[in-house]
Structures are given as structure tokens and as C-alpha cells.
2 protein chains.
Amino acid sequence: MHIFTRHLSKIFTQPVLQINLNNLVENYKTLSKIIAPATPSAVVKDDAYGLRAAEVAKVLYEKAECRNFWVAHAVEGKTIVDVVPEANIFVLQGIGEDSLELFKKYQFIPVISSPEMLSYWKKHKIEGIKPIIHVETGLNRLGFRETDLKKLNRRDLQMFGMVMSHLACADEKDHFMNEHQLDNFKHIRQKYFPNLPASLSASDGAFLGKDFCCDMVRLGAAMYGINTAPYRPNQMKNIITLKAPVLQIADLPKGDFVGYSATYRAADNRKLAIVSIGYGDGVPRSISNVGKVFFESDKKMKEARILGRVSMDNIICDVSDIENLKVGSFGYLIFDDYTLDDIARDAGTISYEVLSRIGKNPRFIREYIAN
Amino acid sequence: MHIFTRHLSKIFTQPVLQINLNNLVENYKTLSKIIAPATPSAVVKDDAYGLRAAEVAKVLYEKAECRNFWVAHAVEGKTIVDVVPEANIFVLQGIGEDSLELFKKYQFIPVISSPEMLSYWKKHKIEGIKPIIHVETGLNRLGFRETDLKKLNRRDLQMFGMVMSHLACADEKDHFMNEHQLDNFKHIRQKYFPNLPASLSASDGAFLGKDFCCDMVRLGAAMYGINTAPYRPNQMKNIITLKAPVLQIADLPKGDFVGYSATYRAADNRKLAIVSIGYGDGVPRSISNVGKVFFESDKKMKEARILGRVSMDNIICDVSDIENLKVGSFGYLIFDDYTLDDIARDAGTISYEVLSRIGKNPRFIREYIAN
């Protein structure tokens with residue numbers, strides 16, 4: 001019976017990445033309400049965490065009236081200028097020799113985070129652009145320290161259009177760093193930039209209350225469906241479905257090993273499915289022997305454990321208990337009930353890193369869902 | 001003095017990925033000698049492990065007379081057809097509904113690894129193409145099991161142009177699996193495919209001796225500079241340099257925390273450098289608090305430990321002991337003395353996964369070195 005159905009299978013080979021832009025827009029709108037009256041803005045750096053900045057920025061511009069976008073590098077800004085004609089594009093890593101021409105051409109707004117970059121800006125100022133000043137409040141990453149701020153004269157202080165900082169522990173509601181950084185930020189604003197709009201929080205800070213929202217919140221991870229407030233259930237909708245076809249179903253005899261370096265040995269006879277996706281497609285190799293692939297069976301999604309090492313193009317999983325599975329069926333790596341947060345937990349990393357990787361391989365069939 | 005030189009810095013913001021195609025060609029030629037008289041072939045799947053298949057295939061075709069290329073998916077083959085006009089392009093994941101048209105158009109050669117795919121091929125045969133049959137010898141991944149082979153008739157067996165398998169533990173010279181798989185492969189060749197050319201090894205198997213080389217070896221990881229025979233010193237040349245500019249140098253006061261979730265706390269006053277690269281650029285986040293960035297100082301490369309978590313766009317490292325460092329200086333994440341193998345060791349993964357990730361972000365300045 002099984003043999004019979006197998007030979008009627010359709011055969012597919014390519015992994016498929018579906019990106020639900022409707023849910024993305026809905027997440028953005030939900031977040032906008034949570035942070036109101038602060039202005040929402042969208043973080044589309046890292047090619048929109050691998051999802052293609054142009055696709056993401058376009059739908060936010062057209063369907064959610066987003067007019068403020070953040071990228072990390074000017075070259076990333078270039079990929080969205082055509083789809084967000086009347087928007088501000090802020091460049092977090094700032095301006096330098098390797099990006100000056102792009103800033104001039106497209107009127108990007110640099111984030112200035114060090115005295116050296118400020119000197120550079122003063123030499124290469126662009127007419128009509130007021131940069132953002134990034135101040136350091138506790139993350140000890142980019143930003144003017146107070147010792148640097150003290151050296152600025154009044155004209156320096158007045159050249160900026162906004163002041164920003166960034167939180168270190170905003171995904172932990174009660175972490176002492178949150179209040180510590182908020183206090184530092186308030187102090188700096190009051191002392192150096194009393195009249196300037198301010199932005200402190202990304203989408204994790206959005207859930208910490210109005211004080212943290214200031215004038216503009218930089219919505220990234222939560223908009224992409226990640227739970228940035230993991231101390232409570234996720235309020236965001238999943239936007240990612242990642243699936244790949246079964247290339248082969250085979251018996252695994254008792255005592256046999258599976259995969260590179262033979263890291264799984266069958267204690268009993270099992271049935272294997274070989275799924276056409278691997279770490280080359282951004283699936284974290286650290287889910288080897290730990291992660292799961294899900295298959296539809298009798299209208300339910302059933303979990304199949306990954307056996308052995310994830311390889312570059314293939315994942316092997318245990319489908320002994322899954323009925324009616326055929327070559328050509330699709331295995332799900334990410335979907336509404338096993339989200340980015342779930343695979344990241346199994347991989348021992350954060351959802352941001354998983355998302356940033358899975359969108360980058362050009363060999364996916366990439367489907368954008370938008371009505 | 002330090003302050004003085006800082007303010008004369010040039011400012012850069014973008015990470016730079018250099019790919020030495022001369023070394024890649026040299027590695028391919030070295031490997032070709034090691035495996036002779038077997039025919040060398042190049043594995044350029046996964047977009048040449050992220051390095052751009054078209055660039056890699058072109059240089060191997062033109063400067064090393066490579067005429068046999070392996071990709072995982074037909075869509076990957078499409079990216080190289082123009083640069084390797086007279087070559088065989090083998091597609092490891094095989095053929096299906098989602099790729100049939102590409103096979104027809106470009107005369108790709110599918111690797112058939114299951115009875116179901118064979119049925120599909122028989123229905124959609126392409127004139128003039130002899131597919132490869134993939135047989136399973138111990139990896140328990142893709143390939144015909146012997147129970148499947150027994151069901152093939154003589155005409156089935158004669159339709160193939162080559163027989164291949166894949167080793168599980170070839171990077172461990174004395175692993176029992178190597179001889180076990182070789183024996184299985186010999187048995188299957190003799191019994192089912194006595195007159196067919198054969199390919200068993202990838203570039204790890206290349207170092208296991210002539211028996212493992214058969215008629216064609218699939219050169220991938222070693223060609224890209226990875227030590228696929230880690231039980232002895234690497235015979236390959238490094239082809240990757242990954243560097244990124246310092247955006248800021250700052251004091252870290254005793255007792256302060258660094259990075260997301262505050263995972264590093266300074267036991268003493270330190271000096272930090274913020275380097276403009278992160279996991280968004282493919283740097284593994286698992287080198288947080290473990291990995292290193294290297295800086296040129298007095299014509300030597302000095303090691304700076306990464307402090308706190310690697311973030312999406314930035315890495316923070318301890319440069320307390322590095323003299324004359326300036327904003328705009330470059331920190332090296334990968335270079336000849338700290339290679340893919342070294343960063344993978346620090347990241348707790350394999351070099352293949354690191355390489356596969358770092359080439360994929362379009363925001364790099366990407367430089368190909370070729371004479």
C-alpha cells in the first residue's frame with residue numbers, strides 16, 4: 001500500500017520560503033497602537049532581516065503609511081529609495097568615505113555615533129540634512145559617551161534632528177538596566193538636547209511602557225513576528241513559513257548510523273525522510289539531532305525529530321510514526337505553530353539570527369503573500 | 001597623543017569581504033594532483049558556499065580547465081551556464097516538477113537518488129542526457145538502497161552515465177565508516193554498474209587514498225581553503241579575508257556591562273572598539289564572548305577578544321592592549337592566520353557553515369582577487 005502511493009508522488013526539489021506581508025503590516029499596526037502617541041518607524045536593515053528590504057519597505061509605505069525607515073548601511077538604503085519616495089531613511093552605522101556619495105545622492109540621514117564621525121560630517125555636511133546623534137546609555141556599544149558630549153559646543157549640539165540611544169536588556173521587563181538606561185537617557189536629553197525629538201527603543205522596548213517610547217520607536221524584530229517580550233505570550237503574528245520537499249523515504253535498519261560523523265545510531269528499525277533543505281539555506285546547523293520537521297498527516301501537523309547532523313542541502317528526520325507520507329510531500333521547518341522563536345530555542349540562539357539567515361539564499365522559491 | 005591621531009582618522013562604515021580566486025585556483029590544482037588520475041570537478045552549490053557561483057565557476061573554467069561542476073539545485077546551475085559553456089553541470093538534489101524546464105533548457109545532468117525520482121525521470125527523459133545514480137553506502141541520506149537497486153531491470157541500470165555515493169566520516173582518517181562505505185560502494189558497482197564511471201569522494205575523501213578517488217572527485221570545501229583532513233596540517237591556501245572598520249573607540253569603566261543582555265562585566269577599566277560587522281553579515285553569533293578580532297599594530301596582527309554578544313551589525317572587542325588603533329582602522333575577522341577553520345572552532349561549528357553564511361549578505365564590499 002505504501003509502495004503503491006509512493007510511486008504516484010509528484011517530485012519537487014526546491015525549498016520554499018513564504019513571507020506573509022499581510023501579517024507584517026498587521027504587526028506594524030498593532031505595535032503602532034501600543035506605542036502611540038510615539039511615531040512608529042520600520043527597521044529594514046540587513047535586507048529586512050533577509051526578507052528583502054524593498055518588498056518589506058514597499059508594503060509598509062503603501063499599506064501602513066510608514067514614512068520612517070532605518071537601515072544599517074547606506075547601500076541598504078539604496079535598495080529601498082524607489083519604493084519609499086517620500087520617506088526618511090536613517091542610516092544607523094553612519095556616514096564615511098565609503099558611503100558619502102550615496103548620502104548625497106539619496107539624502108539619507110546619518111546616525112552620528114562618535115566624535116570622529118562628527119568631524120567627518122562637519123567636513124562633508126549635506127545641505128538640508130539634520131543627522132541623528134546616537135548617545136550611549138549603558139549598552140557600551142555605539143554612541144557618544146558623556147565625556148564626548150561635554151566637548152561639543154552649542155553649534156555642534158544644534159546641528160542634530162533627533163537624539164537616539166539603544167537598550168541592552170529590553171526583552172527582560174524587570175532587568176535593572178532598563179531603568180538605568182532610561183534615567184541616563186533622560187539626563188542626557190535634558191542637559192544637552194532639551195528640544196530634540198528622541199528615540200530610545202526598538203520593538204523590545206515598545207513593551208516597557210510609554211516612558212520608553214519617547215517620540216519615535218524603531219520597530220524591527222516584533223514586526224517580523226518575533227516575541228520581543230518573551231515574559232508574556234507573543235502578541236505578534238507569525239509571518240514566515242519555511243518548507244521543503246521530501247526527496248526520499250527510506251528504512252533505517254537497527255544499528256545503522258545517520259549523517260556526517262555518524263552522530264545518530266538507530267537503537268531500533270526506523271523510517272527516514274530526507275528533506276531538501278540544509279544549513280546552506282540558513283537552517284541553523286545547531287538543530288542537528290535536536291530540531292524538528294513537521295508533516296501534515298490526517299490534517300494535523302506531526303513532529304518528526306531530526307536525526308544526525310544537518311548538512312548543507314539536506315536534513316534527515318525520523319518519520320517512523322507518520323502515516324501516509326510520500327516523496328514530494330513538504331516538511332515544515334517554520335510555520336505558525338513552530339515559529340522563529342521555537343526553532344531559535346532549539347538552535348540555542350535568538351530568533352533574530354535565524355531570521356537573518358534564512359532569507360539570504362537565492363535558491364529558495366520565495367513567495368510573498370499580500371492582498 | 002592618542003586623541004590627536006584619532007581625529008585624523010578616515011571614516012569607513014562597510015564590512016569588506018575579499019575572495020582570493022588565485023588561491024582558489026591553486027587549491028583546485030593541488031587537489032587535482034593529489035587525486036590524479038581521477039578527474040577533478042568543482043562543487044559550486046549553495047552559490048559556491050556564498051562566494052557567488054558565477055565568479056568561482058568562471059575562474060575554474062578559464063584558469064584550471066575545470067569542465068565538471070556540481071550544484072545542489074537547477075536554479076543554481078542557471079547562474080553558471082553562461083560562464084562554463086562547454087561543461088557538465090550535475091544537479092545533486094535531482095530533478096522534479098519545479099526544475100524540469102531548467103533541465104531541458106540547459107541540459108543539466110540530474111543526480112537520481114530515489115526510485116520515485118527515477119520514475120519521474122523515465123516519464124520526462126531528456127534526449128542526450130544520461131543521469132547519475134546516487135547509491136547509499138552508509139551515510140543514510142540520499143541514494144538508492146540495495147533493496148531499491150534489486151528492483152531495477154537491465155534497461156534501468158543501463159540508462160545512467162555515472163554512479164556516485166557520499167562518505168559520512170571522511171574527515172577522520174581512521175574512522176571505520178570509511179572502509180565500510182568503500183566496501184559497500186565496490187560491491188554495488190561490481191554487481192550493478194560494472195562498466196560505469198564512479199564518484200565516491202568529496203574533498204575530504206580526496207585525502208584517503210587512490211581507492212577512494214575512483215573516477216571523479218567532487219572538490220568543494222578544500223578548494224575553498226577549509227582543512228578537510230584536520231588530522232594533519234592544512235595543505236590548502238586560505239582564500240577569505242573578512243574585515244570591517246572600527247566605528248568608535250571608547251573607554252569601558254570598571255563595573256560596566258557590555259552588549260545585549262549584559263553578558264560581559266568589566267572587572268577593570270578597559271578600552272573598547274566597536275567594529276562595523278555582526279551576525280547580519282554572517283559572523284556566527286556563537287562567537288559572542290569567545291571569538292577574536294585582529295588589528296594591525298606595529299606591523300603585527302594583534303588579537304582583541306570579543307566582549308559581550310555579537311549583535312546584528314556590530315561587534316564590540318577589547319582593545320586595551322592595542323597601540324595606535326584609530327577609528328577607521330580595520331579589524332580582521334578572518335585572514336590567513338585566523339582562517340575559516342579557526343573562527344568555526346571558536347563558534348562551535350564547522351567551517352562549511354561559517355563560509356556558507358558570510359558570503360550571503362549583499363551589503364559587503366566584495367572584492368575578488370584574480371590576476
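Please read these numbers as outputs of a predicted model, since none were measured by experiment. Below, read A as the first sequence line, B as the second, and so on, with proteins coming before strands; counting in each chain starts at 1.
Contact count against chain B (heavy-atom pairs under 4.5 Å) is highest for A/His166 among A/Met177, A/His175, A/Glu136, A/His166. When the candidates A/Gly280, A/Gly308, A/Cys169 are compared by the number of heavy-atom contacts under 4.5 Å with chain B, A/Gly280 comes out ahead. Of the residues considered (A/Ser288, A/Ser311, A/Pro362), A/Ser311 shows the highest number of contacts with chain B, using heavy-atom pairs under 4.5 Å. In terms of heavy-atom pairs under 4.5 angstrom with chain A, the leader among B/Leu139, B/Val91, B/Leu272 is B/Leu139. Counting heavy-atom pairs under 4.5 Å between each of A/Ile350, A/Asp47, A/Val310, A/Thr79 and chain B puts A/Ile350 at the top. The residue among B/Ser276, B/Ala262, B/Ser99 with the most heavy atom pairs within less than 4.5 Å of chain A is B/Ser276. Between chain B and the options A/Glu76, A/Arg285, A/Lys78, A/Arg309, heavy-atom pairs under 4.5 Å are most frequent for A/Arg285. With chain B as the partner, the residue from A/Val75, A/Ile365, A/Ile95, A/Asn314 showing the most heavy-atom pairs under 4.5 Å is A/Asn314. Interface remark: of the candidates B/Asn361, B/Ile315, B/Leu252, B/Asn361 forms the most heavy-atom pairs closer than 4.5 Å to chain A.
Closest of all the heavy-atom pairs between B/Gly259 and A/Ala168 is O-CB, 3.7 Å. Between B/Gln248 and A/Gly143 the shortest heavy-atom distance is NE2-O, 2.6 Å.
Residue contact with chain A, scored on non-hydrogen atoms closer than 4.5 Å, involves the backbone and the side chain of B/Glu353 alike. Residue B/Val283 touches chain A through its backbone alone, counting heavy-atom pairs closer than 4.5 Å. Looking at A/Leu355, neither its backbone nor its side chain comes within 4.5 Å of chain B, counting heavy atoms on both sides. For A/Ile274, the part sitting under 4.5 Å from any heavy atom of chain B is the side chain, from C-beta outward, and nothing else. Of the atoms belonging to B/Arg357, it is side-chain heavy atoms, and not backbone ones, that fall under 4.5 Å from chain A. In this structure, the portion of B/Glu172 lying under 4.5 Å from any heavy atom of chain A is its side chain and not its backbone. Residue contact with chain A, scored on non-hydrogen atoms closer than 4.5 Å, involves the backbone and the side chain of B/Ser114 alike. For a residue to count as touching a neighbouring chain, one of its non-hydrogen atoms must lie under 4.5 Å from one of that chain's; by this rule B/Ile316 touches chain A with the side chain only. Heavy-atom distances place both the backbone and the side chain of A/Asp98 under 4.5 Å from chain B. In this structure, chain B has no heavy atom under 4.5 Å from any part of A/Leu100.
At least one side-chain heavy atom of B/Met312 sits less than 4.5 Å from a side-chain heavy atom of A/Tyr49. In this structure, the side chains of A/Thr13 and B/Glu97 stay at 4.5 Å or more apart for every pair of heavy atoms. The shortest distance between side-chain heavy atoms of A/Val258 and B/Arg141 does not fall below 4.5 Å. Within the 4.5 Å cutoff, the side chain of A/Gln93 has heavy atoms near those of the B/Leu247 side chain.
More than 12 heavy atoms of other shown residues, nucleotides or ligands fall within 6.0 angstrom of atom NZ in A/Lys173.
Separation of atoms CG (B/Asp171) and OH (A/Tyr260) is listed at 9.5 Å; rounding is to 0.5 Å. Of the inter-residue distances, the one linking B/Leu307 atom CG with A/Asn140 atom CG reads 9.5 Å to the nearest 0.5 angstrom.
Annotation: A/Phe257 is in aromatic contact with B/Phe176 [ring centroid separation under 6.0 Å].
Using a 4.0 Å cut-off between charged nitrogen and carboxylate oxygen, A/Asp313 and B/Lys45 count as a salt-bridge pair.
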*asked:* Determine whether B/Glu116 and A/Lys10 satisfy the following criterion, side-chain contact (heavy atoms from CB on, under 4.5 Å), listing intermediate values before the conclusion.
replied: CA-CA 9 Å; B/Glu116 292 83 353; A/Lys10 287 202 168 194; over 6 Å; no
*Checking side-chain contact (heavy atoms from CB on, under 4.5 Å) for the pair B/Asp46/A/Arg363: CA distance, chi angles, key distance, verdict?*
CA-CA 8 Å; B/Asp46 190 20; A/Arg363 74 191 185 186; 3.8 Å; yes
